[in-house]
Amino acid sequence: MIEPTHYLSSTVKGLKPSGIRKFFDLAASMEGVISLGVGEPDFVTPWNVREASILSLEQGYTSYTANAGLLELRKEISHYLKEKTNVSYSPSEELLVTVGASQALDLALRAIVNPGDEVIVIEPSFVSYSSLISLAGGVPVSVQTSGEMEFKLQPSDLEKAITNKTKAIILCSPNNPTGTLLNKEDLEKIAKIIEKYDLLVISDEIYAELTYDDVYTSFVSIDGMVERTILVSGFSKGFAMTGWRLGYVAAQPEFLSAMLKIHQYTMMCAPSMAQYAAIEAIKNGKEDVLHMKKSYRQRRNLFVNALTEMGLTCHVPGGAFYAFPSIKETNLSSEEFAEKLLMEERVAVVPGSVFGESGEGYIRCSYASSLEQLQESLRRMQRFVQKQKAGV
């Protein structure tokens, strides 16, 4: 008999399981739970998009596509990005279709990171960033943000974290888990530091379609940042296509070529039927996106107002579909709050601590649920919060 753990990679052994999945799996095993945990639209993929995929199957389009993805899809993505960012990307040299935005992030990091390179992560952050940096051989360096500043990155804090080993920074706006949106002025301040220290940016723009009050600004739209930025996005959130696993990356030809080499050996190509669905989504899905966005905005307002009324301080998120309220007044840690709320009131949220040190004292609540479920979850949360404040 062998001892399997003896043969495992030390890097993999050092990785922590996703804190999000822990609570999702626990909630799934219980009855009567309202889950505000997993970041997934509650909308079904629009019928015309599903129909396009079905048609591709009926017509027998089941073979591999080009490694970089269907050229027709890359052309549509190029047009789409031109409208959103005013940047023209070559479909043949600067765009790559990936298996979700997660694979795009993995490819970007593996393409640029050498062993020991430092990559800055703005926390609270999506749980995958630091682990993907470690898997690429790099060193994640966290920069904390605060609820008092609505979790916006402060340029002075970013500059303090930069060393002679810093290679890049990962930005996510709108942010997961806080919903914080960086406006043009915020991004311009960050860009000055990026240029000063000759850094790269991986800009995770998966929630770009879901902004509610301010105009969305892509980091590639900032003067001088196109050549320094690897833009990552996809169809999961804005187009309600999470299960299709389809993303893309846009970058200068040298970066794109490096990522394509890794993609060729590890994935070959994204599923063809998902790519045909994405062509339909990007060509004819704008009205569906606007409908979903309008609904999320209504739910956001309802949810954040109710949190405030029950005494949980919460900034108004500018995008995505997450609220990130403070639970410090309950005198419970984030994990204690989430566990007790689940067990006592059957509401699943995610402890802020899983998103980094500055997430402690907060919880992430996804409002991508029906109004009925949101209203019921709020009633349960209010009852729970009142008990905690009363010391019951």
Side-chain angles (χ1 to χ4, degrees), residues 38-59 61 65 68-89 91 95-104 173-174 176 181 203-213 215-218 220-221 231-250 269-300 318-322 366-370:
V38 178
E40 179 172 30
D42 65 316
F43 292 100
V44 175
T45 304
W47 168 244
N48 62 310
V49 177
R50 288 178 278 151
E51 190 175 38
S53 180
I54 293 168
L55 181 61
S56 76
L57 293 172
E58 291 177 338
Q59 293 178 330
Y61 297 152
T65 70
L70 291 167
L71 182 58
E72 182 183 358
L73 176 55
R74 284 179 279 148
K75 287 180 178 178
E76 292 297 335
I77 293 171
S78 178
H79 294 152
Y80 185 72
L81 289 177
K82 176 65 175 178
E83 289 181 3
K84 289 184 69 67
T85 70
N86 201 34
V87 174
S88 296
Y89 286 101
L95 286 169
L96 169 62
V97 179
T98 60
V99 182
S102 295
Q103 194 216 359
S173 174
N176 175 10
L181 177 69
S203 185
D204 183 353
E205 304 190 7
I206 191 64
Y207 293 99
E209 285 74 25
L210 303 178
T211 59
Y212 307 113
D213 303 312
V215 176
Y216 180 75
T217 301
S218 169
V220 300
S221 302
L231 187 157
V232 168
S233 194
F235 296 84
S236 293
K237 312 299 184 178
F239 294 89
M241 294 177 66
T242 51
W244 299 81
R245 307 312 304 131
L246 204 70
Y248 58 86
V249 58
C269 66
S272 58
M273 58 286 297
Q275 294 190 54
Y276 286 108
I279 291 170
E280 174 64 20
I282 205 167
K283 287 174 69 174
N284 300 309
K286 291 182 181 178
E287 289 301 317
D288 292 306
V289 172
L290 289 175
H291 168 72
M292 290 185 277
K293 178 176 172 178
K294 181 179 179 181
S295 178
Y296 289 138
R297 189 178 190 278
Q298 179 187 8
R299 301 180 208 184
R300 178 202 67 172
F321 38 60
Y322 306 112
S366 170
Y367 49 83
S369 296
S370 68

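Keep in mind that the numbers below use all heavy atoms, side chains included, and drop hydrogens, waters and symmetry copies.
Without hydrogens or angle criteria, Tyr367 side chain to Gln298 main chain gives no donor-acceptor distance under 3.5 Å. Using modelled atom types, one side-chain atom of Gln275 and one backbone atom of Ala270 make a donor-acceptor pair closer than 3.5 Å. Using a distance-only test at 3.5 Å, with no hydrogens or angles considered, no donor-acceptor pair links the side chain of Arg74 to the main chain of Val97. At least one donor-acceptor pair closer than 3.5 Å links the side chain of Ser56 to the backbone N or O of Ser53. In this structure a side-chain-to-backbone donor-acceptor pair under 3.5 Å is present from Lys237 to Gly39. Remark: the backbone N or O of Glu205 is paired with a side-chain donor or acceptor of Ser233 at under 3.5 angstrom.
Looking at heavy atoms from C-beta onward, Asp204 lies out of side-chain contact with Asn176 at the 4.5 angstrom threshold. By the 4.5 Å heavy-atom criterion applied to side chains, Pro91 and Leu71 are counted as neighbours. Looking at Gln103 and Val249, their side chains never come closer than 4.5 Å, going by heavy atoms from C-beta outward. Between Tyr276 and Leu70, the closest side-chain pair of non-hydrogen atoms falls below 4.5 Å.
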Practice task
With side-chain contact (heavy atoms from CB on, under 4.5 Å) as the test, would you mind laying out the steps for Arg297 and Asp213 before giving the verdict?
Solution key: CA-CA 9 Å; Arg297 189 178 190 278; Asp213 303 312; 2.9 Å; yes
Exercise for the section: Mind running side-chain contact (heavy atoms from CB on, under 4.5 Å) on Ser78 and Leu95 for me, showing each step along the way? Expected result: CA-CA 8 Å; Ser78 178; Leu95 286 169; 3.7 Å; yes
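Separating the CE atom in Met241 from the CZ atom in Arg50 is a distance of 11.0 Å, to the nearest 0.5 Å. Taken from OG in Ser272 to CG in Leu73, the straight-line distance is 11.5 Å, to the nearest 0.5 Å. Distance CD1/Ile282 to CG/Leu81: 7.0 Å, rounded to 0.5 Å. Note that CD of Glu209 and CZ of Phe239 are 5.0 Å apart. Values are rounded to the nearest 0.5 Å. How far CG of Leu246 is from OG of Ser236: 8.0 Å, rounded to the nearest 0.5 Å. The CG atom of Asn284 sits 11.0 Å away from the CD1 atom of Ile279 when rounded to the nearest 0.5 Å.
Between Val232 and Ala101, the shortest heavy-atom distance links the atoms CG1-O, 3.6 Å. Nearest approach of Arg299 to Ser369, heavy atoms of both residues: NH1-O, 2.6 Å. Of all heavy-atom pairs spanning Pro174 and Thr211, the tightest one is CG-CG2, 3.6 Å. Annotation for Ala368 and Glu40: closest pair CB-O, 3.4 Å, computed over non-hydrogen atoms. Residues Val289 and Gly238 come closest through the heavy atom pair CG2-O, 3.5 Å. When all heavy atoms of Cys269 and Val99 are compared, the pair lying nearest together is O-CG2, 4.4 Å.
When the side chain to side chain donor-acceptor pair (under 3.5 Å) test is applied to Thr45, the partners found at least two apart in sequence or on another chain are Trp244. For Glu83, the side chain to side chain donor-acceptor pair (under 3.5 Å) partners are Lys286, not counting sequence neighbours.
Around CD of Gln59, the count of heavy atoms belonging to other residues, nucleotides or ligands within 6.0 Å exceeds 12. Around the NZ atom of Lys293, the shell of radius 6.0 Å holds more than 12 heavy atoms that belong to other residues, nucleotides or ligands.
For Tyr248 and Tyr89, the ring centers are positioned 6.0 Å apart or more.
Ring-plane geometry between Tyr296 and Phe321 is classed as tilted, the angle between the planes lying from 30 to 60 degrees on a 0 to 90 degree scale.
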